[in-house]
Amino acid sequence: MLIDVTKVSKDFGFGEVFGSLSFSVNNMDRIALVGRNGCGKSTLLKIISSRETPTTGSVVIAKGLRIAMLDQTSADMHDDRIVEEILREPFAKFDARQKSLDDMQSRMAMLFGAELDKLVEKYSDALEKFVADGGYDIEQNINYVVNGLKINTRIRNQNYSTLSGGEKTLVQFARILLDNPDVLLLDEPTNHLDIERIEWLEGYIQKFKGAVIVVSHDRYFLDKIASVIIDVEDGQRYVGNYTYYVKEKENRELREFEQYKNEQKKLAELKKAVERLYAWGEKADNPSMFRRAKAIQKRIDIMEENAIKKPEKKKDLPINMRTNERGSDVVFDVQNLSLILGDKIIFDDANFQMRNGDKIALVGANGMGKTTLIKCLLGDITDYMGTIKVGNSIKLGYLPQLLTFDNEKETILEYVTNTTGYKEEPARRLLAKFDFYKNDIDKKLGALSGGEKVRIKLACMLTQDINTFVFDEPTNHIDIFTRETLEKAMSEFKGNILFVSHDRYFIDKVANGILELSNNKLKLFRGNYTDFKNKDIKVEDAPKVPVVKIKPPKISKGGKW
């Protein structure tokens with residue numbers, strides 16, 4: 001056993017985040033921690049890594065165990081070194097040994113006889129151990145991880161402090177993997193990775209010789225790598241991947257509800273028996289009836305004290321995406337789009353057409369220009385060559401990747417009333433539907449989590465009459481429960497959706513088309529992500545459509561309606 005977690009709980013002073021969690025971690029375990037945002041998954045990882053202390057319970061770690069953690073703040077680390085130095089840091093222990101081998105080699109050239117034989121034997125032993133420990137595999141190991149995470153030469157030769165947040169996260173991730181620990185703790189590792197990098201990481205974890213504990217909302221990823229699921233909210237352990245967990249949890253909840261109903265039925269019958277005995281005892285003036293009633297009441301009290309709690313019904317978020325207007329047959333028509341930003345070609349004679357009823361996932365490697373394409377479609381970037389036409393009855397709603405507010409000192413309630421024009425009571429009712437209640441609505445916008453920001457923006461957007469939604473990474477920072485609710489709403493929506501996502505499960509559920517941005521070109525495939533991945537479909541030939549008069553669309557951007 002590598003790690004033993006026993007009855008651990010955490011309380012920050014405003015109520016338990018989680019309570020009495022127990023589980024063990026063995027070598028080669030692939031454990032996923034699941035639960036809604038705020039249930040303490042990241043906190044539990046910090047407790048295991050000794051960055052936090054539990055309120056109660058204990059975590060026992062095997063002597064000499066090497067634990068490495070990637071958390072959501074890893075990129076914030078300050079470091080003025082060149083990235084290449086950071087990547088080579090895990091191999092610093094080999095530098096002195098390599099120097100010692102080089103020194104022995106130089107001395108051997110000047111020795112003879114017994115002295116030479118003695119040094120050759122010492123050199124051979126040191127060299128054998130150096131090779132066995134991987135001393136000559138350093139370049140291969142670095143290149144394997146760096147190439148897998150697509151950390152290019154420019155980044156490797158750059159000062160760490162000058163990198164973007166996403167690039168810093170990649171470097172920290174690579175640094176942790178290169179350290180080759182006994183246990184990997186990964187908090188939302190796929191958040192800043194594109195699909196290619198995620199698929200590489202899946203392969204890496206499957207081959208990893210140690211144990212892995214991961215927090216992730218990427219269900220496809222969890223299905224690929226997890227063999228044990230721990231539900232942090234109810235403390236239950238499930239042996240299987242995420243799909244198994246969902247089915248087994250549903251079955252367990254059904255069994256618990258049946259047990260609860262049977263127990264309540266039995267209690268109700270016993271209570272009626274007590275009432276009858278008291279009534280008969282009074283009528284017949286029979287003390288034995290009262291004694292029997294008291295005995296049964298005592299049994300009822302014991303049963304109620306140990307009774308199964310009524311299973312809580314999961315509250316659905318009412319994300320109802322409705323539209324009263326069908327919109328034009330052609331939503332977006334992009335012809336011969338070319339764009340250069342700085343010295344980088346983003347698009348080179350790119351073409352695609354989105355039609356009414358399309359729900360298209362825009363995919364491609366990070367940095368290829370997906371967000372740039374969205375900005376071109378919305379009219380935020382105009383210095384391109386070619387044409388972009390937007391249907392004349394298209395009403396756009398836009399949820400950007402980076403969610404910001406003009407005034408972060410506003411409360412949630414103030415923002416919603418100012419944005420939607422709702423009075424206080426209707427605004428409170430709207431917020432309650434999106435899981436914001438009395439204690440939440442006075443929070444300042446600047447203190448909100450990523451998931452809370454998404455829910456606030458969506459709540460406001462859905463008060464507008466929109467027939468086409470454009471989402472840039474809508475699933476970032478939201479938990480699985482909210483993703484499931486959003487994907488259901490998007491699937492049922494009768495309008496049009498163009499969205500960027502690296503969540504393959506989400507794409508499979510929502511998309512009826514995949515728009516791939518690769519080599520500065522756009523290719524539209526019909527089908528979901530599985531169809532696209534299997535390449536069982538052909539590139540769609542853009543149909544000929546009549547030229548229509550295009551009017552400027554009404555665009556509702558996140559936070560500015």
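Just so you know, these numbers use all the heavy atoms, side chains as well, and skip hydrogens, waters and symmetry mates.
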Undergrad: Donor-acceptor pair, distance only, cut-off 3.5 Å: does the side chain of Asp231 make one with the backbone of Gln236?
TA: no
Undergrad: Under the side chain to side chain contact (heavy atoms under 4.5 Å, CB included) test, which residues partner Ser227, sequence neighbours left out?
TA: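 Partners of Ser227 under the side chain to side chain contact (heavy atoms under 4.5 Å, CB included) test: Arg30.
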Undergrad: Is there a side chain to side chain donor-acceptor pair (under 3.5 Å) between Asp187 and Ser42? Walk through the geometry before answering.
TA: CA-CA 7 Å; Asp187 192 2; Ser42 298; 2.7 Å; yes
Undergrad: Listed by chain and number, what are the salt bridge (charged side-chain N to carboxylate O under 4.0 Å, His left out) partners of Glu202, not counting sequence neighbours?
TA: Arg504
Undergrad: Which word best sums up how the rings of Tyr245 and Tyr242 line up, parallel for under 30°, tilted for 30 to 60°, or perpendicular for over 60°?
TA: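 Answer is tilted, since the angle falls between 30° and 60°.
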Undergrad: In terms of side-chain heavy atoms, does His502 have a donor or acceptor partner in Asp218 at a distance below 3.5 Å?
TA: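 Checked: His502/Asp218 side chains show no N/O donor-acceptor pair below 3.5 Å.
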Undergrad: Between Phe471 and Leu498, does the side-chain contact (heavy atoms from CB on, under 4.5 Å) criterion hold? Intermediate values first, please.
TA: CA-CA 6 Å; Phe471 294 146; Leu498 176 67; over 6 Å; no
Undergrad: With side chains defined as the heavy atoms from C-beta onward, is the minimum distance between Val34 and Ile230 less than 4.5 Å?
TA: no
Undergrad: Side chain of Glu414, backbone of Thr411: donor and acceptor closer than 3.5 Å?
TA: yes
Undergrad: Taking the side chain as everything from C-beta on, heavy atoms only, tell me whether Lys41 gets closer than 4.5 Å to Asn37.
TA: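 Side-chain contact under 4.5 Å: yes.
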Undergrad: Would you mind reporting whether Val5 and Ser22 have side-chain heavy atoms less than 4.5 Å apart?
TA: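 The answer is no; the side chains never approach within 4.5 Å.
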Undergrad: Could you tell me if Arg252 and Tyr238 have a donor-acceptor pair between their side chains, going purely by distance under 3.5 Å?
TA: yes
Undergrad: Above 12 or not: heavy atoms from other molecules or residues under 6.0 Å from CZ of Arg81?
TA: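 Above 12, so yes.
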Undergrad: For the residue pair Thr463 and Thr420, confirm or rule out a side-chain donor-acceptor distance under 3.5 Å.
TA: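 No pair is found: no donor N or O on one side chain lies under 3.5 Å from an acceptor on the other.
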Undergrad: Check whether Thr417 reaches the backbone of Leu413 with its side chain - one donor and one acceptor, N or O, closer than 3.5 Å.
TA: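 Yes; at least one donor-acceptor contact below 3.5 Å.
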Undergrad: To the nearest 0.5 Å, what is the distance between NE2 on His217 and CD on Glu188?
TA: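 Between atom NE2 of His217 and atom CD of Glu188 there are 4.5 Å.
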Undergrad: Take Lys224 and Glu199 through the test salt bridge (Lys or Arg N to Asp or Glu O under 4.0 Å) and record every step on the way to the result.
TA: CA-CA 9 Å; Lys224 286 282 189 180; Glu199 289 175 343; over 6 Å; no
Undergrad: Would you call the rings of Tyr529 and Phe532 parallel, tilted or perpendicular, where under 30° means parallel and over 60° means perpendicular?
TA: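 Tyr529 and Phe532: tilted rings.
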Undergrad: Under 3.5 Å, side chain of Asp29 to main-chain N/O of Val25, donor-acceptor pair present?
TA: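 Not confirmed, Asp29 side chain does not pair with Val25 backbone.
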Undergrad: Is any side-chain heavy atom of Ile67 closer than 4.5 Å to one of Leu65?
TA: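 They are in side-chain contact.
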Undergrad: Mind checking the CD1-CG spacing from Ile374 to Asp472? Nearest 0.5 Å is all I need.
TA: 4.0 Å
Undergrad: Side chains of Glu410 and Asn418: donor-acceptor distance under 3.5 Å anywhere?
TA: yes
Undergrad: Is any side-chain heavy atom of Leu21 closer than 4.5 Å to a side-chain heavy atom of Val232?
TA: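 SC-SC contact between Leu21 and Val232 confirmed.
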Undergrad: Does a side chain donor of either Asp11 or Ser9 reach within less than 3.5 Å of an acceptor in the other side chain?
TA: no
Undergrad: Of all the heavy-atom pairs spanning Val17 and Gly40, show the shortest one and how long it is.
TA: CG1-CA, 3.4 Å
Undergrad: What distance separates Asp479 CG from Glu484 CD, expressed to the nearest 0.5 Å?
TA: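 Atom-to-atom, Asp479:CG and Glu484:CD are 9.0 Å apart.
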Undergrad: Grab the two heavy atoms, one from Leu517 and one from Lys370, that are nearest each other, plus how far apart they are.
TA: CD2-N, 3.7 Å
Undergrad: Do Leu184 and Phe208 come within less than 4.5 Å of each other through their side chains, counting heavy atoms only?
TA: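 Yes, close enough: below the 4.5 Å cut-off.
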Undergrad: Return yes when atom CD of Glu269 has more than 12 non-hydrogen atoms of other residues, nucleotides or ligands closer than 6.0 Å, and no otherwise.
TA: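 Yes, enclosed.
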Undergrad: Starting at CG of Leu185, measure out to CE of Met69 and round the result to the nearest 0.5 Å.
TA: 6.0 Å
Undergrad: Tell me whether the centres of the aromatic rings in Phe469 and Phe499 are closer together than 6.0 Å.
TA: no
Undergrad: Under the criterion side-chain contact (heavy atoms from CB on, under 4.5 Å), I'd like the reasoning laid out for Leu431 against Ile456: C-alpha separation, chi angles, the key distance, then a yes or no.
TA: CA-CA 8 Å; Leu431 286 167; Ile456 290 290; 3.7 Å; yes
Undergrad: Might you work through the salt bridge (Lys or Arg N to Asp or Glu O under 4.0 Å) test for Glu452 and Lys457, ending with a clear yes or no?
TA: CA-CA 9 Å; Glu452 287 172 326; Lys457 296 283 190 179; over 6 Å; no
Undergrad: Using the ring centroid of each side chain, check whether Tyr220 and Tyr505 are separated by less than 6.0 Å.
TA: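 No, the ring of Tyr220 stays outside the 6.0 Å limit from the ring of Tyr505, centre to centre.
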Undergrad: Is Glu233 reaching over with its side chain to a backbone N or O of Arg36, donor-acceptor style, under 3.5 angstrom?
TA: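 Yes, because the side chain of Glu233 sits within donor-acceptor range (under 3.5 Å) of the backbone of Arg36.
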Undergrad: Go through the steps to decide whether Asp4 and Ser24 satisfy the test side chain to side chain donor-acceptor pair (under 3.5 Å), and finish with yes or no.
TA: CA-CA 4 Å; Asp4 186 33; Ser24 59; 5.3 Å; no
Undergrad: Taking only residues two or more places apart in sequence, or in another chain, which ones meet Phe221 in a ring pair (Phe, Tyr, Trp, His ring centres under 6.0 Å)?
TA: none
Undergrad: Quick one: side chain to side chain contact (heavy atoms under 4.5 Å, CB included) partners of Glu258, sequence neighbours excluded?
TA: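 Glu258 satisfies side chain to side chain contact (heavy atoms under 4.5 Å, CB included) with Lys261 only.
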Undergrad: Listed by chain and number, what are the salt bridge (charged side-chain N to carboxylate O under 4.0 Å, His left out) partners of Glu473, not counting sequence neighbours?
TA: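 With sequence neighbours excluded, Glu473 shows a salt bridge (charged side-chain N to carboxylate O under 4.0 Å, His left out) to no residue whatsoever.
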Undergrad: Between Glu487 and Arg483, does a salt bridge (Lys or Arg N to Asp or Glu O under 4.0 Å) hold up when you go through it step by step?
TA: CA-CA 6 Å; Glu487 72 193 19; Arg483 288 184 191 211; over 6 Å; no
Undergrad: To the nearest 0.5 angstrom, please state how far the CG atom of Leu149 sits from the CG atom of Leu178.
TA: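 Going from the CG atom of Leu149 to the CG atom of Leu178 covers 8.5 Å.
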Undergrad: Please walk me through it: do Asp234 and Lys249 pass side-chain contact (heavy atoms from CB on, under 4.5 Å)?
TA: CA-CA 10 Å; Asp234 62 22; Lys249 179 173 174 132; 3.4 Å; yes
Undergrad: Check side chain to side chain contact (heavy atoms under 4.5 Å, CB included) between Thr43 and all other residues, then give those that pass, not counting sequence neighbours.
TA: Lys10, Phe12, Phe18, Ile47
Undergrad: Working to the nearest 0.5 Å, report the span between CG of Asp179 and CZ of Phe91.
TA: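 Result: 8.5 Å between the selected atoms.
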Undergrad: Indicate whether any N or O donor in one side chain lies under 3.5 Å from an N or O acceptor in the other, for Asp223 and Thr243.
TA: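 Yes, Thr243 and Asp223 have a side-chain donor paired with an acceptor closer than 3.5 Å.
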Undergrad: How far apart are the C-alpha atoms of Asp182 and Lys209, what are their side-chain angles, what is the distance that settles it, and do they pass the salt bridge (Lys or Arg N to Asp or Glu O under 4.0 Å) test?
TA: CA-CA 8 Å; Asp182 303 306; Lys209 301 299 184 185; over 6 Å; no
Undergrad: Are any non-hydrogen side-chain atoms of Trp200 and Lys150 less than 4.5 angstrom apart?
TA: no
Undergrad: So do Ile213 and Leu45 actually touch side chain to side chain, heavy atoms under 4.5 Å?
TA: yes
Undergrad: Taking atom CD as the centre, does Glu84 end up with more than 12 heavy-atom neighbours from other residues, nucleotides or ligands that are less than 6.0 angstrom away?
TA: yes
Undergrad: Does NZ belonging to Lys375 count more than 12 external heavy atoms closer than 6.0 Å?
TA: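 Count not over threshold, so no.
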Undergrad: Decide side-chain contact (heavy atoms from CB on, under 4.5 Å) for Glu167 and Ser164; before the verdict, give the C-alpha distance in whole Å, the side-chain angles of both, and the deciding distance to 0.1 Å.
TA: CA-CA 5 Å; Glu167 290 170 338; Ser164 68; 3.2 Å; yes
